[in-house]
Structure formats: structure tokens, C-alpha cells
2 protein chains.
Amino acid sequence: MDTRDYRNKLISTATHLFAERGLHGVSVRELSKAAGVSISMISYYFDGKEGLYSSVLEEQFSCFDYIDVIMGKESEPIEKIEDYIRWSIRRHREKPHLLRFYTSELTNPTRYFARIVQPAIEKVILILIEIIEEGMHRKQLRKGLNPEDTALAMVGMVNYYFLSTLATQKFVNHSPERDEELIKHYMDIFTKGISEHSDVTY
Amino acid sequence: MDTRDYRNKLISTATHLFAERGLHGVSVRELSKAAGVSISMISYYFDGKEGLYSSVLEEQFSCFDYIDVIMGKESEPIEKIEDYIRWSIRRHREKPHLLRFYTSELTNPTRYFARIVQPAIEKVILILIEIIEEGMHRKQLRKGLNPEDTALAMVGMVNYYFLSTLATQKFVNHSPERDEELIKHYMDIFTKGISEHSDVTY
DNA sequence: CTACAAATAACGAACGTTTGAATCAAAGTA
DNA sequence: TACTTTGATTCAAACGTTCGTTATTTGTAG
């Protein structure tokens, strides 16, 4: 190693360790030893352990770039949704360890995940609202659901898929060949309306 | 409080705290303070913090009693399966915090959960094998899946439902009215054969 | 020499555990 | 009945360890 990029070493090591055992399950001593870097580098490059954790979440889960790509396209709103779902599935297949953060964060009272990923989710919601306002979900609107709630429920459905994948990954082999099936399934849920599949409550 | 049952206090307090934040997310000092009990009681009644955690899992997730009831019934194997699924759904609705342990344990390298719940699962597998051997899953057997693998996959599918419930509990209201729907769905998967719905891999 | 990168060693705080004394009800004893 | 003994609980205090952080020192490139 000529390049002394200890920061990257810490990020990549932390990504896998935090994904496996969560924030509290890894100590800075073990982490730095695994990365082959001195302990003090964590506070040097990041704002301590939690800063490193936040950085991992930011770098690994950021979808701003692709959301910008989607928003910039001259495509129909419904195509943007399919685009996003397709991209999400591909990305999670390429980085399967990301899924583990969902479960860690589900029981994390500090909600780093929510704080960091929330802005990205809000962008997705904006796209969804676009479609909803085009009248595709008039039925939900009639039922008293506002667009924000309906859109948030849709984001929830997508995350639900990811978590389901994690839960069954020991038993079920999700092959890329079945992606189209899944995409169709979720697009179906979306276009037919969430309320037909489940009750949205807040 | 006349009854000095500090042990029960610790168990019930630990159940909710561990469910919320996991083993590493709770300290013995906080736990004992919440329970209104001295710290040393944890080591007195249990084998330390991890012993308390194990006891919580054992007491909360034990299904031996009901498995025994099912095994003792003079019912058809297929009825036993439905019986078990029905009972599981009811129990998880009554104790929703149990679901949170699934996510905690998914990323827990120590695998307390697997070690403790495994014996119970193996009993369930026995029941499933009963049915499989009666020829309901000849198709899977022809495909080279042994009964144990198929049964284990079935248990995975049931747990998958529970985790799905947790993942979507913010968005979806699972009403008891829809239980029959869910039970029918899983019985359907089971009788039609798992291989039609997913690929079993180990 | 200067400025930055990196390692060492030490810090106070918090961790889980253990100790030893205090408390109390029940059993034993004269 | 009055006193002692016993065993089970309970707690405050302290234990040694590990935590995350940081002050200081060392190494290195320009």
C-alpha cells in the first residue's frame, strides 16, 4: 500500500463490521485493528465513533445522485418510480451487506438511519406525490389520505421488500432473473392503489 | 409490593428494554434502575447480563407447551400445521414486542436466539416431516430436497411472515379480521409446495 | 525547518461483576 | 416464651476491565 488512505480503510472496514453487529457491537479498538490503523485515526478523520457510523450510513446509503438523475430525466412520473425501484433492487443486490443496516436501525433508538436517509426519502416522496397528484390515486384521496401519507406508505412498501429479502435470505435465493417479477409486483401495488392491499395507518 | 419478586421484575423490564434496543443497547445499571432493583440482583438471579438475556428469550419465546398440546392432539398432521400457524399469529399479536427480538437477533453474531429457539423449531420440523412423509411433498422429494430441508424452509416462511409484519407495522394495520386470509395464504404455500414459490438453498 | 500524518500512551467515564455487610422470616433450642 | 441460629434476600460500595477520546510524541515528505 503506497496510498496511505486510512480514511477509506476505516470506512470500508466499519461498513462491514457495523453491518454485522451494529453500532454497539463493535469497539473502536477492534475496528481499528481490523482496518490496520491506529485508534486515534477514527477521531482524526471522523467525529469519533458515532461520526464514523454516520459517515458509513451517508456514503453507503446515499441515493441523492441517482435521485437527481431520475428527477432530471424527461420521463413520465410512473416511469420514474419504476426506475427508482429497479435501481434500488440492483444496488442492494450489489451491496447485500447494506440490508443488515435496516435491521440494526429498526431497533436503534438514536435513529441515525432515519436522520441521514430521511432527506433522500423525502425526495422520493416528492416524485411519488407528482404521480399521485396526476390523479392515479384519486381513490385514496377520496378516502381521506393525503398525498404525503400515501407516498410515505409506498416508500414503506419498498423497504418492506428489502427487509423481507433479508429475512428469507437463508432460505430463498433471489436470482436476478426474478427481478422483473418483483418490479412488476410492486408497480402493480402502486398503480392499483395501496389501500387495496393494506390499510394505511398513522 | 408485598411480594419481593424482583426476579419477575427484572425479566419483564428486561424483555421490553432488550426488545427495544438489543443486548448491547442496555446497561445493567439502567436496567436495574428501571426495574427498581439493585444491580447485583442480575447476577444473583441470573448468570449475569447475558444470562438474563437468555432467560428472557427462553421465557418469552418458549413454545414447548403448545407444541406438546399440538403433538398430543389426535388431529391430522395438516391440521397441526394450521393449528401452529394460527397459534403463532395470535401469540405475536398479543405480544408485539417479541417481533423486535427477531431483528435484533438477525444481526447478533452470538446467536442466542438460534441456540434457544432451535430446539422448539426442531419439534415443529418433526411435525412438518410427518406431513411431508405422508406424500404431500413428493414433488419436492423428487427434486432432491430431503424432508428436513423442506421443513426448515417452511419454518423460515413462517418467520418471514412475522418479520414482514414488523417491517410494515408502521404502515400496515394487521387486523385480526385478516388473520384467516393470512393463514389460508400460508397453508396454500405449504400444500402447493415451497419450490413453486421460491428456491430453497443452503 | 515546517507542516502534516500517524502511533503511543494515558485519560476519565462507564461497563459488568463481585464482595461483604445488613435485613428479615422461619426454624431450632432451652 | 425468649433467645439463637440459619438461610435466603437485598443493597451500597468497590472491583478490575474496557470503553471512546485525547494529549503528547514520533515519523515523514516537501
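Every chain is numbered from 1 and lettered A, B, ... according to where its sequence line falls, protein lines coming before strand lines.
- Atom OH of Tyr45(A) and atom P of dC4(C) are 13 Å apart (whole Å).
- Ser12(A) approaches His16(A) most closely through the heavy-atom pair O-ND1, 3.0 Å.
- Residue Tyr53(A) contributes atom OH, which lies 17 Å from atom C1' of dG20(D) at whole-angstrom precision.
- Atom NZ of Lys33(B) has 12 or fewer neighbouring heavy atoms from other residues, nucleotides or ligands inside a 6.0 Å radius.
- Remark: P of dA8(D) and OH of Tyr6(B) are 19 Å apart, rounded to the nearest angstrom.
- Straight-line distance from the CD1 atom of Ile39(A) to the C1' atom of dA5(C): 17 Å, rounded to whole Å.
- One can find a donor-acceptor pair under 3.5 Å joining the base of dA7(C) and the side-chain atoms of Ser40(A).
- Each of dG16(C), dT8(C), dG20(D) was ranked by its minimum atom distance to the side chain of Val28(A); first place goes to dG20(D).
- Aromatic pair Tyr53(A)/Phe18(A): centroids less than 6.0 angstrom apart.
- As rounded to whole Å, 15 Å separates atom P of dA14(C) from atom NE2 of His24(A).
- Distance, Ile42(A) CD1 to dT8(C) C1': 15 Å, rounded to whole Å.
- Mapping Arg29(A) and Tyr44(A) onto DNA chain C by nearest heavy atom places Tyr44(A) at the nucleotide closer to the 5' end.
- Whole-Å rounding puts the Glu50(A) CD to dC19(D) C1' distance at 13 Å.
- Side-chain atoms of Ser43(B) lie closest to dT18(C) of the nucleotides dC11(D), dT9(D), dT18(C).
- Within 4.0 Å of Ser27(B), counting heavy atoms only, lie sugar-phosphate atoms of the nucleic acid but no base atom.
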